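Computed from a predicted structure; not experimentally measured.
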Amino acid sequence: MRAVALHEASLPRFTPLPYNGEPMHLDSQTEQVRAPRPARPRASLHTIGCRLNQAETALLADRLKRDGYQLVEHGEPTDLFVLNSCSVTEDAEKDCRYQIRRTLRRSPHAFVAVTGCYAQTGVEGLRRLSGIDLIVGGQYKMDLPDYLPAPSDLAKQPAPLVLHTNTIERADFVLDGTGACDSTRANLKIQDGCNFMCSFCNIPFARGHERSRQLPDVVREAEALVARGHRELILTGVNIGQYRHGGRSLLDLIKELERVDGVARIRISSIEPTTIPDALLDHMAASAKLCHHLHIPLQSGDDGILQAMHRRYRAGDYASFLQKAASLIPDLCLGTDLMVGFPGEDDRAFANSYRLVANLPLAYFHVFNYSARPGTAAVKLPDVIQPATLSARAKALASLSRAKRLAFYQRFTGQTLPVLFEAREPSGLWTGWTGNYLRVGVRSHRDLRKQIEPVVVTGAMDGLAVGHLSGAGGSA
């Protein structure tokens, strides 16, 4: 694996060459003959994985727009395809490979650039995959546009250029530009990397050590996002509770962002339970802008499995913390991540997990199947769980999550809640989100996008509360 220094004079220069990889089969929807390139070359970007990846893709999209590209939807014919990849599970890696093949069926001449976690941890496999022209590892991800050919010179390459190093810088960072987000809510990257080294997780290898974004630069992008019409900022990172810059903590950063004119809401994305101080809970309870929503990964409710996972708490600690948070913060929405099938998870261990989450004040949980990741400590563990058992456990937890989400939604029937509307669905409903993470739909003839409106909740189903605008008595 070769490293490339980030100096302007050393930036690689592509020479347009015909692609000599495997022949590609064209269908009726494929560009049969290469048409003249439009005045503004087209760029399609696609994200696989977490909110942090989405925030980074939005920044790359912003840069490409400034470089003269016309952004098109993923799946449309394109001249450039940028894939921000994920490697947290085997299925995520399979999806990466599928998305590359899918794009090349539609646009066989597209220049394909792959970055993200898979480009860091699976670079050798990607190097052998037909159709990729550029692979950019984690150290160089946000500089990807610097390594592209000139827009007029985009062409398939005989082999991919690889920019990769095993070492990722640890220094606090700044980011160029403002995320090009289509949604009313905007992801805002504040942190990267992780030092926790959970035995199942390859993110420390993919993203390196913990580091934080310089606080003034976070505020700069927040101000720019608000100027573009975004009403809610979602703080993203790998381990955001570890945010530190210049002696300032995550809570200090939140207080700075609350002072930005035009910010209506600030939402914390996934955060580790051991990184949430009581002062943050107190501030959330009192703040008019910090959303009453915490997504706190549990992974397992069995102490033996938690120990094997190298998690930094035990089931009782987690339960006590959630009970405290729920008692302090009115109408708090609590979500979690649960992993099934970790090596050694016998029937008793799974029953402990099921019992714990059934009794906790959780509104929902995301259920993940264990996926052995090369290089992690867990791959050496015995007692691998059989696929049929794993599938049955995942279904049981998913069913429990649906029931708990419905019960949480039903609690608010008859109440009036402020909803930040995002889009009009094909069904005709305008949908948006409350601060405590209820998805709400109403009918209205008005354009509600980016508006915060009071809604009377009249009913609930799995994943959607329905109602009408307050004072409208129905459609408005």
For this session: For residues C198 and M309, determine if any side-chain heavy atom of one lies less than 4.5 Å from a side-chain heavy atom of the other.
Result: no
Exercise. Hey, does the side chain of D192 reach the backbone of R211 with a donor-acceptor pair shorter than 3.5 angstrom?
Worked result: no
Exercise. Would you find more than 12 non-hydrogen atoms of other residues, nucleotides or ligands less than 6.0 Å from Q307 atom CD?
Worked result: no
For this session: State whether the side chain of N202 and the backbone N or O of S87 hold a donor-acceptor pair below 3.5 Å, judged by distance alone.
Result: yes
Exercise. Would you say N352 and I305 make side-chain contact, with heavy atoms under 4.5 Å?
Worked result: no
Problem set entry | side-chain hydrogen bond (donor to acceptor under 3.5 Å, both in side chains) evaluation trace for T431 with E425 | CA-CA 7 Å; T431 58; E425 305 291 336; 2.8 Å; yes
Seminar exercise, completed: Only residue of L126, L161, V162 satisfying side chain to side chain contact (heavy atoms under 4.5 Å, CB included) with I132 is L126
Exercise. Taking atom CG of L154 and atom CG of L80, what is their separation to the nearest 0.5 Å?
Worked result: 6.0 Å
Seminar exercise, completed: Here the gap from L338 atom CG to L362 atom CG, rounded to the nearest 0.5 Å, amounts to 8.0 Å
Problem set entry | Qualifying residue for side chain to side chain donor-acceptor pair (under 3.5 Å) with E422, from K450, Q451, R449, R185 | R185
Exercise. Under 30°, 30 to 60°, or over 60°: which ring-plane class applies to F350 and Y354, parallel, tilted or perpendicular?
Worked result: tilted
For this session: Show your working on side-chain hydrogen bond (donor to acceptor under 3.5 Å, both in side chains) between T434 and N436 and close with a plain yes or no.
Result: CA-CA 5 Å; T434 66; N436 64 339; 2.7 Å; yes
Seminar exercise, completed: For A58 and C181, the nearest pair of non-hydrogen atoms, with its separation, is CB-SG, 4.0 Å
Problem set entry | Student check: side-chain heavy atoms of R231 and R265 closer than 4.5 Å | no
Seminar exercise, completed: Scanning both residues in full, the closest heavy-atom pair of N84 with G116 reads OD1-CA, 3.3 Å
For this session: State whether R393 and E345 are salt-bridged, where the test is any N-O pair (Lys NZ or Arg NE/NH1/NH2 against Asp/Glu carboxylate O) under 4.0 Å.
Result: yes
Exercise. Are any non-hydrogen side-chain atoms of F111 and L148 less than 4.5 angstrom apart?
Worked result: yes
Exercise. Run the side-chain contact (heavy atoms from CB on, under 4.5 Å) check on T376 and V379 step by step: do they pass?
Worked result: CA-CA 6 Å; T376 61; V379 298; 3.5 Å; yes
For this session: Show your working on side-chain hydrogen bond (donor to acceptor under 3.5 Å, both in side chains) between D337 and H295 and close with a plain yes or no.
Result: CA-CA 8 Å; D337 293 335; H295 186 97; 2.7 Å; yes
For this session: Test side-chain hydrogen bond (donor to acceptor under 3.5 Å, both in side chains) on T57 and T47 and set out the steps.
Result: CA-CA 7 Å; T57 301; T47 307; 2.7 Å; yes
Exercise. Under the side chain to side chain contact (heavy atoms under 4.5 Å, CB included) test, which residues partner S287, sequence neighbours left out?
Worked result: E258, H283, K289, L290
Problem set entry | Under-4.0 Å salt bridge between R311 and D317 | no
For this session: Identify whether the distance between the nearest side-chain nitrogen and carboxylate oxygen of D176 and R66 falls below 4.0 Å.
Result: yes
Exercise. Does L306 offer a backbone N or O that forms a donor-acceptor pair with the side chain of Q299 under 3.5 Å?
Worked result: no
Exercise. Is any side-chain heavy atom of K255 less than 4.5 Å from a side-chain heavy atom of R248?
Worked result: no
For this session: Check whether any side-chain heavy atom of F81 sits under 4.5 Å from a side-chain heavy atom of H46, and report yes or no.
Result: yes
Problem set entry | Inter-residue atom distance T167.OG1 - H209.NE2, 0.5 Å rounding | 9.0 Å
Exercise. When you measure from the side chain of S199 to the backbone N and O of A308, does any donor-acceptor pair fall under 3.5 Å?
Worked result: yes
Exercise. Atom CG of L129 and atom CD1 of I100: how far apart are they, to the nearest 0.5 Å?
Worked result: 5.0 Å
For this session: Quickly, which of H230, E56, Q54, R267 forms a side chain to side chain donor-acceptor pair (under 3.5 Å) with N187? Name it, please.
Result: Q54
Seminar exercise, completed: Between G177 and R220 the two heavy atoms that sit nearest each other are O-NH2, 2.9 Å
Exercise. How close do I271 and P297 get, heavy atom to heavy atom, and via which atoms?
Worked result: O-CD, 3.2 Å
Exercise. Which of parallel (below 30°), tilted (30 to 60°) and perpendicular (above 60°) describes H293 and Y437?
Worked result: parallel
Problem set entry | Flag if over 12 foreign heavy atoms under 6.0 Å of CZ, R228 | yes
For this session: Please test L294 against M284 for side-chain contact (heavy atoms from CB on, under 4.5 Å), starting from the C-alpha separation and ending with a verdict.
Result: CA-CA 10 Å; L294 285 169; M284 182 175 287; 3.7 Å; yes
For this session: Begin with the C-alpha distance, continue with both residues' side-chain angles, and end with the deciding distance and a verdict on side-chain contact (heavy atoms from CB on, under 4.5 Å) for Y243 and D252.
Result: CA-CA 10 Å; Y243 180 88; D252 295 322; over 6 Å; no
Exercise. Is the side chain of Q139 donor-acceptor paired with the backbone N or O of T165 at a distance under 3.5 Å, no angle test?
Worked result: no
Exercise. Quick one: does T236's side chain have a donor or acceptor within less than 3.5 Å of a partner on L188's backbone?
Worked result: yes
Exercise. For R314 and D303, which heavy atoms make the closest approach, and how far apart are they?
Worked result: CB-OD1, 3.3 Å
Problem set entry | Between SG on residue C117 and CD on residue E93, distance to nearest 0.5 Å | 10.0 Å
Exercise. Would the number of heavy atoms belonging to other residues, nucleotides or ligands and lying under 6.0 Å from CG of D462 be above 12?
Worked result: yes
Exercise. Are the side chain of D172 and the backbone of S212 linked by a donor-acceptor contact shorter than 3.5 Å?
Worked result: yes
Exercise. By side chain to side chain contact (heavy atoms under 4.5 Å, CB included), which residues pair with R102, not counting sequence neighbours?
Worked result: H74, Y98, Q99, R105
Problem set entry | Salt-bridge present (R42, E76; N to O < 4.0 Å) | no
Problem set entry | Whether H366 and Y364 hold their rings parallel, tilted or perpendicular, with breakpoints at 30° and 60° | tilted
Problem set entry | Q157 side-chain N/O to L134 backbone N/O, donor-acceptor pair under 3.5 Å | no
For this session: Give the intermediate values and the outcome of side-chain contact (heavy atoms from CB on, under 4.5 Å) for residues V219 and V260.
Result: CA-CA 8 Å; V219 174; V260 174; 4.2 Å; yes
Exercise. Given side chains that start at C-beta, do those of T336 and Y318 come closer than 4.5 Å, heavy atoms only?
Worked result: yes
For this session: Keeping the roles fixed (side chain from T184, backbone from F421), state whether a donor-acceptor pair exists under 3.5 Å.
Result: yes
Seminar exercise, completed: Scanning both residues in full, the closest heavy-atom pair of G344 with I385 reads N-CD1, 4.2 Å
Seminar exercise, completed: Rounded to the nearest 0.5 Å, the CG atom of L400 sits from the CZ atom of R405 at a distance of 12.0 Å
For this session: Could you check if a side-chain atom of D331 sits within less than 4.5 angstrom of a side-chain atom of L417, using non-hydrogen atoms only?
Result: no
Exercise. Does N195 reach the main-chain N or O of E210 with its side chain, forming a donor-acceptor pair under 3.5 Å?
Worked result: yes
